[in-house]
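Here is the structure we will look at.
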There are 2 protein chains.
Amino acid sequence: MTALIITKEQKELIERIGVFYEQQGLPPAVARVIGLLMVSDQLELTFEEIYTLLKISKSAASNAINLLLNTHRIEYITKPGDRRRYFKVRFEQWEKMLKERMQFFSSHVSLLKEIQSQRTPKTREFNAKLKEFIGFIEFIHKEMPLMFKKWNPKNNKI
Amino acid sequence: MTALIITKEQKELIERIGVFYEQQGLPPAVARVIGLLMVSDQLELTFEEIYTLLKISKSAASNAINLLLNTHRIEYITKPGDRRRYFKVRFEQWEKMLKERMQFFSSHVSLLKEIQSQRTPKTREFNAKLKEFIGFIEFIHKEMPLMFKKWNPKNNKI
DNA sequence: CTTTTGGTTCTGTTGTATATGAACTAAATA
DNA sequence: TATTTAGTTCATATACAACAGAACCAAAAG
């Protein structure tokens with residue numbers, strides 16, 4: 001039972017990270033688990049360390065951890081002769097996830113095109129604007145991979 | 001009382017648009033109001049037309065419309081000698097909003113930098129990955145305006 | 001076999017978002 | 001002045017998200 005300590009400043013930062021990820025749509029407890037794993041001096045934390053440091057219940061911790069595992073935001077390692085799992089953030093995935101989330105924004109082209117095909121031809125100006133907007137989204141959708149590639153040239157899809 | 005009619009296919013499309021905007025974080029009724037305004041043959045709809053066509057209560061319609069007005073997704077026009085407001089989608093704004101939302105993704109650089117500055121230097125590999133991720137986000141943040149400019153050259157910010 | 005450990009699952013509480021329907025209001029009309 | 005219209009606001013219902021706490025469970029240790 002090596003008592004890992006987190007400072008007041010770290011706690012405060014965890015809360016701020018928590019608020020940020022709440023705004024991105026994650027539940028509060030989940031967001032704080034991410035925060036903890038990001039600021040902790042120790043990279044790999046056990047289940048017990050997580051719920052005691054964050055002062056949340058075991059069930060909250062369990063659900064939060066499983067959500068984060070399922071969404072590939074964290075992973076865990078094990079150690080020989082130790083039944084516990086050691087959870088850590090899965091940083092390599094973050095760049096990928098950010099790319100995917102950005103791509104999602106342009107994912108409704110098909111829906112917009114359906115609207116376009118169902119629209120009355122009478123509303124010419126509106127239809128023209130719709131067309132332009134679709135054009136913009138298609139441009140983004142095509143251009144973003146190029147942008148990513150520019151950052152990391154060996155990356156050739158998404 | 002010119003009874004504007006929307007077809008079965010239009011209704012179905014409105015629901016699909018509704019689901020999409022729900023996923024983007026809008027409340028169901030709000031999402032359907034957008035859908036209706038996007039597919040309707042008539043571009044400008046009154047309050048009454050909106051809540052009767054969508055079969056939602058007046059209060060739900062009122063709240064939805066006000067939310068959409070406040071977030072600049074719709075606007076209204078008036079007609080001389082007519083007390084009603086005619087609501088319509090504000091298409092020009094959509095491209096701008098999409099850009100802003102995409103930029104928001106890279107808005108947590110400062111938070112990540114704080115994490116970076118508070119981290120123990122002991123975890124070298126982790127810190128290196130963090131640094132790289134920050135680099136990526138900064139790249140995106142810088143590069144996106146260029147991408148937008150490429151689409152619309154007279155556009156020189158955001 | 002009993003106890004401990006590392007979690008998971010169940011039950012119940014609380015808070016909040018979304019909606020309805022009715023009451024209300026202010027302007028226009030009759 | 002009375003009534004209709006175009007909405008807003010209020011009271012209330014419903015539903016669900018998020019969590020706590022306790023019971024539970026399976027593997028390992030004693």
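Below, chains carry the letters A, B, ... as their sequence lines are ordered, and counting in each starts from 1.
Nucleic acid contact for I65(B): none, since no nucleic acid atom lies under 4.0 Å from a heavy atom of the residue.
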N/O donor to acceptor pairs below 3.5 angstrom from side-chain atoms of residues 17-39 of chain B, sequence neighbours left out:
residue, atom, partner, partner atom, Å
E22(B), OE2, R32(B), NH1, 2.8
E22(B), OE2, R32(B), NH2, 2.9
Q24(B), OE1, R101(B), NH1, 3.2
R32(B), NE, E15(B), OE1, 2.9
R32(B), NH1, P28(B), O, 3.0
R32(B), NH2, E15(B), OE1, 3.4

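Within the structure, no pair that satisfies the salt bridge (charged side-chain N to carboxylate O under 4.0 Å, His left out) test touches residues 50-72 of chain B, not counting sequence neighbours. Within the structure, salt bridge (charged side-chain N to carboxylate O under 4.0 Å, His left out) contacts touching residues 104-120 of chain A (residues at least two apart or in different chains) are K113(A)-E138(A), E114(A)-R16(B). Residue pairs meeting the ring-ring contact (aromatic ring centres under 6.0 Å, His included) criterion with at least one member in residues 39-60 of chain A, sequence neighbours excluded, are F47(A)-Y51(A).
Not counting sequence neighbours, the partners of T46(B) by the side-chain hydrogen bond (donor to acceptor under 3.5 Å, both in side chains) test are E49(B). Partners of K11(B) under the side chain to side chain contact (heavy atoms under 4.5 Å, CB included) rule, at least two apart in sequence or in another chain, are I6(B). Every residue was checked against the side-chain hydrogen bond (donor to acceptor under 3.5 Å, both in side chains) condition with S62(A), not counting sequence neighbours, and none meets it. Contacts of R84(A) classified as salt bridge (Lys or Arg N to Asp or Glu O under 4.0 Å), with partners at least two apart in sequence or in another chain: D82(A). With sequence neighbours excluded, the residues that form a side chain to side chain contact (heavy atoms under 4.5 Å, CB included) with E44(A) are I77(A), Y86(A), K88(A).
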**Study point:** Under 4.0 Å protein heavy-atom contacts per nucleotide of nucleotides 23-30 of chain C, with B for base, S for backbone only and - for none
**Key:** ---BBS--
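In this structure, the helix from dC1(C)-dG30(D) to dA30(C)-dT1(D) shows an angle of 10° between the axis at its start and the axis at its end, each fitted on 5 base pairs and rounded to 10°.
A heavy atom lying under 4.0 Å from DNA chain C marks the following residues of residues 18-31 of chain B, by number: P27(B), P28(B), A29(B).
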